[in-house]
Amino acid sequence: MLPIICFISITLLFLDFTGTVHAYLGWVAKMQFVPAVFASNVVIALAIVFLTLLFGRFYCSMLCPLGFFQDIVSFKTSFSYKKPRKGFVILRYALLAGFIATALLGGGLVSVLEPYSAYGRIVSQIFGPIYKFGNNLLAYFSEHIGSYAFYSVDVWVKSLTSFVLAILTLVGISIFAYKSGRGYCNTICPVGTFLGLLSKYSFVKLRIDLSKCKHCDLCSKKCISSCIDTEKGKIDYTRCVTCLKCVKACPTKAISYSKPFKKSVQKEAEILSESGAHRRNIFVGSTIAALSCATKLQAGSGDGGLTELKDKKVPNRKRPIVPAGAGSFKHFHDHCLGCQLCASVCPNNVLSNKAYGSTKPNMSYERGYCRPECVKCSEVCPTGAIKPITRAEKSSIQIGCAVWNKDLCIVNTDKVACDLCSRKCPSAAIAMIPPSADAPPDAPKIPMIDTERCIGCGACEHLCPARPHSAIVVEGVEVHRVV
Amino acid sequence: MDNNNDASNSNIGRRDFIKLVGAGAALAALSGCGSKDGSAKQGKEPTGEMTYRVDPKNGNHVSLLGYGCMRYPRMPKSQDLATENNLDQEAINRSIDYAIEHGVNYFDTSPLYCKGFSEKATGIALSRHPRNKYFIATKMSNRNQHSSREASLAMYKRSFEDLKTDYIDYYLVHNVGTFEALKERYIDNGIMDFLLQERESGRIRSLGWSFHGDGEFFDYMALKYPWDFVMIQLNYFDWDMTADSKRTNVSAKHQYDLLTEHNIPIVIMEPLLGGRLAKPHYKARAAMTQLNPEASAASWAFRFAGSFPNVITVLSGMTFMEHLQDNLSTYSPLVPLNESERDMLLKVSQVMLEYRNINCTQCQYCMPCPYGLDIPEIIAHYNRCLNEGNFPDDKQSEDYKRARRAFLVGLDRKIDSVRQASRCTNCKKCVPNCPQNIKIPEEMQRIDRFVENLKMDIV
């Protein structure tokens, strides 16, 4: 049951855009190993290490969502024992070393290899949009029956890099899992390698009673890690993820999950090995291609109708903006695993990683701004890259600062009055002043930004009527400060 | 005639009225308070003969129901862009054919209606009928960028082309309500003199003026030129506005009385206040339903407007066939209101005043907003939620959570977020265009503050 709960919980964390699930299940993401290490969450990290020394790689079979995902894919596959090949063993430890090195130095490899963020990427980039399409379909129907149960949400590719990476991960892992079960976990995954090293010495582990073994090979056919050598009656504990399928498969009860002195903990093993039904995702996708073949006449000379609006374009920011709670760009970059959980929950469509092509999210204001009442990303971040903050704290943390571009402002381009940025600024950092000392009193006023009050929320940038480039743009600050 | 009997049998006294409203509120709330409450008249074929009024200036027999060409049906579009003609010509043809068949002979359009495509659509539909079967009314709508002499003359010329005619029966000086507007649009460019000459030449058969605006100006303008007719906004809500003097400083009653005193025939616009009187607040509707459960709310408003003898026609922008049929039934023939029914309606307007709707008639004169807002829809959503009881203005109320969700989710469904009130730049370009004198930017900012508080959950 536990693996199913973990898997479904984490999947829901990435799919749910309403923020309902996170209140109850947010802790599940925080139980993940690498996120816990990144968050300096000593209690969780040490607990996992301690429990691994006791029970083996329970983490890989129970807590890891990517592991369970592979088990779904390889549900029907029949395996056989594979000798540990030297090349693979070297690759394993080399990747672990590389992983630790990049984690310390800060680099993209971490988020590519780390299992939790790889799974997060797959769900948020691929399953997320499908889930949202399904939701929008329900919203469409609920609108037609006058219900407010569902509302439709924007579906968009938050980053091409991440999207492509997610597809590659999904396809790669699926093929790998279908062919060789937990091959990924035992060749590439750095967490698997690390925990494998520990589980060699674990107290409770699988043991074969050779006196009972008939060498029927049923256990190794079921073994998702291909680690049971029935000929020699040996198990490669660095690869075993304690899924206990072998225990169930063995007709003579020769394999047991037990303490060294062969006292049976069979009962526990049975409970743990109960397998649950695998749910398939049902994909309901609908794309409605709206074709316009309108006849254009005397553009907009009459009353009524809407002015066409160009989509906003991403400004070329000198410094990326990261959420309040990150403290600084460096802290964020060092601790973020790129799991996309924050981007999945952001209700304002602010977090994505399209702006500077990294696998780690950053903020941009084309589709919304960082609304003052929201601290969702800080609540869900499992690695401590975004630390928990309150609404009140957020209102005084400067994550960036607005810069006015006079050449794009409609006060100059359209010669009309506009005070939208000033009016909508939640920290009252923008004052409207006459354009020059000797300007006539009715001349349209221009914005003056108080850099000591601006917190960089992007309300001004997002709402600015200048299109496609806003006339007021937020630049990130390297170290967040309290204003 | 049964209508009349029903109504007079159930006369209610003034003192009974408040009681009825109270009792009816519960009833209306139960029945769902929408306009689809199955009023028997809706969608029913009109049976009797259309009532006609004689225009004293020229002897024309004008149907009491006039066809307003400002609210034509549109084809659904993902975005209703200002530059696209998405009028549903087939539906328009069908509707106009039906109207003519049932006696309607007055068609009122303008060069600016329906993004500027109304005259063309009207011309296409009407030219399929003999020219002597109907009267065309159109206007000199030379607002904003159209106010120069050249642009005004081009507009005048285009009306004849689009309407496929060589004379206009009723031509109006459109929506002039202040001395400044008169000077800019008609005096300085010589257009008023031009129109008076055109009347002499016969291309304009009757010259009139349509008014929304300042009371002092009304008194001046009504007598300044030799009008053949004047078009005013008249309905039971605007009739006597002593209770709500902020909206405008001149009541419909004053306008009607002054014009009648000077024997100037009247055309009525906004008898339904842009549909608001077809679906008033459910508490206001109760008294009508109690007096006659068969009659639609709209039919009461039309009977009110049509009961004034100096009115030659009452315009209605009928988007759907059901509207047309309901209105035809009301005026085929007109059953004038009796005293107690009139009193009932005037009291309904008092009830309506308690529910502070924004006084928008959805005329679209403010559109297109240069910065993309959907102003009429924003106001419509606000009013709709107010009238349907989905108005989350009190956090202590039990219904707050549901109403908040309905308001916010409904808003995002109706209006794209880039077109909501939060986008108002306060450029004030819309202000002079609003015939109802709504301070649009102020209202947008008020609605935005309300929405913002709802989102932050600090109402």
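Naming convention: chains lettered A, B, ... in sequence-line order (proteins, then strands); numbering from 1 in each chain. Worth knowing before you read on, the calculation uses all heavy atoms, side chains too, and leaves out hydrogens, waters and symmetry mates.
- Taking 4.0 Å as the cut-off between side-chain N and carboxylate O, B:Asp448 and A:Lys424 count as a salt-bridged pair.
- One finds no salt bridge joining A:Glu379 and A:Lys376 here, because no Lys/Arg side-chain nitrogen approaches an Asp/Glu carboxylate oxygen to under 4.0 Å.
- A perpendicular orientation is assigned to the rings of B:Tyr156 and B:Phe160, their planes being inclined by more than 60° (bins at 30° and 60°).
- Side-chain atoms of B:Thr109 and B:Leu163, non-hydrogen and from C-beta on, do get closer than 4.5 Å to each other.
- Only the side chain of B:Arg143 comes within contact range of chain A, with heavy atoms under 4.5 Å apart.
- Of the listed residues (B:Met70, B:Arg449, B:Gln445, B:Lys428), the one with the most heavy-atom contacts under 4.5 Å to chain A is B:Gln445.
- For a residue to count as touching a neighbouring chain, one of its non-hydrogen atoms must lie under 4.5 Å from one of that chain's; by this rule A:Ala466 does not touch chain B.
- Residue B:Asp412 does not touch chain A at all, counting heavy-atom pairs closer than 4.5 Å.
- Residues B:Tyr400 and B:Asp457 form a side-chain contact, since some pair of their non-hydrogen atoms from C-beta on lies under 4.5 Å apart.
- Between B:Tyr382 and B:Phe450, the ring planes lie perpendicular to each other; the angle is over 60°, past the 30° to 60° tilted range.
- Atom NZ of B:Lys429 is surrounded by 12 or fewer heavy atoms from other residues, nucleotides or ligands within 6.0 Å.
- Only the backbone of B:Leu373 comes within less than 4.5 Å of a heavy atom of chain A; no side-chain atom from C-beta onward does.
- Listed options A:Glu373, A:Lys312, A:Arg423 were ranked by heavy-atom pairs under 4.5 angstrom with chain B; first place goes to A:Arg423.
- Surrounding CD of B:Glu161 are more than 12 heavy atoms belonging to other residues, nucleotides or ligands, all under 6.0 Å away.
- Counting heavy atoms from C-beta outward, A:Leu306 and B:Pro368 have side chains that stay 4.5 Å or more apart.
- With respect to chain A, the highest number of heavy-atom pairs below 4.5 Å among B:Gly372, B:Ser118, B:Ala406 belongs to B:Ala406.
- Comparing B:Arg405, B:Arg419, B:Gln79 by heavy-atom pairs within less than 4.5 Å of chain A, the highest count is held by B:Arg419.
- Residue B:Cys427 touches chain A through both its backbone and its side chain, counting heavy-atom pairs closer than 4.5 Å.
- For B:Lys455, the parts lying under 4.5 angstrom from a heavy atom of chain A are both the backbone and the side chain.
- Residues B:Glu119 and B:Tyr113 form no side-chain contact, since every pair of their non-hydrogen atoms from C-beta on lies 4.5 Å or further apart.
- Summarising the local packing, CZ of B:Arg74 is surrounded by 12 or fewer heavy atoms from other residues, nucleotides or ligands at distances under 6.0 Å.
- Of the listed residues (B:Cys114, B:Pro111, B:Cys424), the greatest number of heavy-atom pairs within a distance under 4.5 Å of chain A belongs to B:Cys424.
- Residues of residues 402-409 of chain A never come closer than 4.5 Å to chain B when only heavy atoms are counted.
- For chain A, the option among B:Arg402, B:Arg413, B:Met367 with the highest count of heavy-atom pairs below 4.5 Å is B:Arg413.
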